There are 2 protein chains.
Amino acid sequence: MPSELGDPRTDDVALGHLIAVVHQTGRDALGRALRPLNLETRHFAVLVALDRHGPASQRRISDLLDLDKSAMVRIMDELERMGLAARARAEHDRRAYAIDLTPEGRARAAAAAEVTAEVTAGLYGRLSGAERDQLVALLARLAP
Amino acid sequence: MPSELGDPRTDDVALGHLIAVVHQTGRDALGRALRPLNLETRHFAVLVALDRHGPASQRRISDLLDLDKSAMVRIMDELERMGLAARARAEHDRRAYAIDLTPEGRARAAAAAEVTAEVTAGLYGRLSGAERDQLVALLARLAP
DNA sequence: TATTGTTATACTCTATAACTATA
DNA sequence: TATAGTTATAGAGTATAACAATA
């Protein structure tokens, strides 16, 4: 005979699980779409962040993306090796880099955005614009 | 000059990121709450599933939790070593196990539910019941 | 003292493939 | 042939601590 774990908790545990499944589904779909472009999701996130906020310090980008700084180092190493981003020394702080996209990186970011637009349309297109706004508003209240 | 990655996509990428952050936040909070009970989130998920659906085959539980079957093996190994769950041979299928909680496992599941109730109250309590229902309904349409 | 970035390390999660024993 | 479970392995994500250079 199962013990009574309670119903409100049941719903909350199920909600947590649902969030995990939706997260994983989106991440997988994004990963599949980016593979032909030789990009992983971690690369795409930094490309988009740099396109919008670059040049910036590694620290700034890793903060924007909730990335650990050591993960940021690895990703920038990979992007530099691929010729998509570059590290220059920052003007007024000799500890920091001013990292930015290369022209090729900018082109790759645009191509990736094309591809991922189809993916997100397939995923989030099941919701109307108003529903998406609702979802964002609700989730925002669950974020720190 | 940043290229134009477009605004609707911006929102969708941000939505994906928001889902990731909320997922990670919840997982971390759950992990911290379970640590005093010597449980990881993976153990808790199986304890709850067994409490509700046990006895069952490993396959049934791993399907319910979207767990890989090899991950399920490892988790059951750990739960058995901790004395919280047990494998018995299934009656009508000699390939399968009938896995279930031990009495101690049932007690631990109840204790974990106590603790996690506070966590989920802290997390999801920011939303009203109606809002939580809304959120679940919206997320359910994004799941496969 | 604190911050930027690097390196090393380790743990978790996820996925895959090869294997056994049954069905 | 297909399924339940096991084992081994590898990649990705995440986190920490120690360190050098600079603020």
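Just so we're clear, the structure is a prediction, and the values are computed from it rather than from any experiment. Residue numbers begin at 1 in each chain, while the letters A, B, ... track the order of the sequences.
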J.: Is there a residue in residues 29-36 of chain A whose heavy atoms reach under 4.0 Å of DNA chain C, and which residues are they?
T.: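 Here the set is empty: none.
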
J.: Only pairs at least two apart or in different chains count here, so list each side chain to side chain donor-acceptor pair (under 3.5 Å) that has a residue in residues 133-144 of chain A.
T.: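 Applying side chain to side chain donor-acceptor pair (under 3.5 Å) to every pair that reaches into residues 133-144 of chain A, excluding sequence neighbours, yields A/Arg141-B/Glu131.
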
J.: Return yes if some donor-acceptor pair links the side-chain N/O of B/Thr116 with the main-chain N/O of B/Val119 below 3.5 Å, else return no.
T.: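 A pair under 3.5 Å: no.
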
J.: Yes or no on side-chain contact (heavy atoms from CB on, under 4.5 Å) for A/Asp77 and A/Arg87, after CA distance, side-chain angles and deciding distance?
T.: CA-CA 9 Å; A/Asp77 286 349; A/Arg87 288 167 163 117; 2.9 Å; yes

J.: Please enumerate all residues that pass side chain to side chain donor-acceptor pair (under 3.5 Å) together with B/Tyr124, with sequence neighbours excluded.
T.: none

J.: My understanding is that only residues two or more places apart in sequence, or in another chain, count here; which of them pass side chain to side chain contact (heavy atoms under 4.5 Å, CB included) with B/Pro103?
T.: none

J.: Just by distance, do the side chain of B/Thr41 and the backbone of B/Gly31 share a donor-acceptor pair under 3.5 Å?
T.: no

J.: In whole Å, I'd like the distance from the CE atom of A/Met72 to the P atom of C/dT3.
T.: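 About 19 Å, once rounded to whole Å.
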
J.: Is there a donor-acceptor pair closer than 3.5 Å between any side-chain N or O of B/His53 and the backbone N or O of B/Ala49?
T.: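 Answer holds: yes.
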
J.: Go through the side-chain N and O atoms of A/Asn38 and A/His43 and say whether any donor and acceptor fall under 3.5 Å apart.
T.: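 The answer is no; no qualifying pair exists.
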
J.: Are A/Asp68 and A/Arg74 ion-paired here, with the side-chain N under 4.0 Å from a carboxylate O?
T.: no

J.: Check the distance between D/dA2's P and B/Arg59's CZ and give it to me in whole angstrom.
T.: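 That distance rounds to 14 Å.
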
J.: So if I define the base as every atom that isn't primed, P, OP1 or OP2, how would nucleotides 13-23 of chain D read as a B/S/- string at a heavy-atom cutoff under 4.0 Å?
T.: SBBB----BBS

J.: Quickly work out the A/Phe44 CZ to D/dA12 P distance and round it to whole Å.
T.: 18 Å

J.: Using atom CG of B/Asp77 as one end and atom P of D/dA4 as the other, report the distance to the nearest whole Å.
T.: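 Spelled out: CG on B/Asp77 to P on D/dA4 is 18 Å.
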
J.: Between residues 79-90 of chain A and DNA chain D, which residues have a heavy-atom gap below 4.0 Å?
T.: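 Under 4.0 Å from DNA chain D: no residue of residues 79-90 of chain A.
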
J.: Charged N to carboxylate O under 4.0 angstrom, B/Arg32 versus B/Asp28?
T.: no

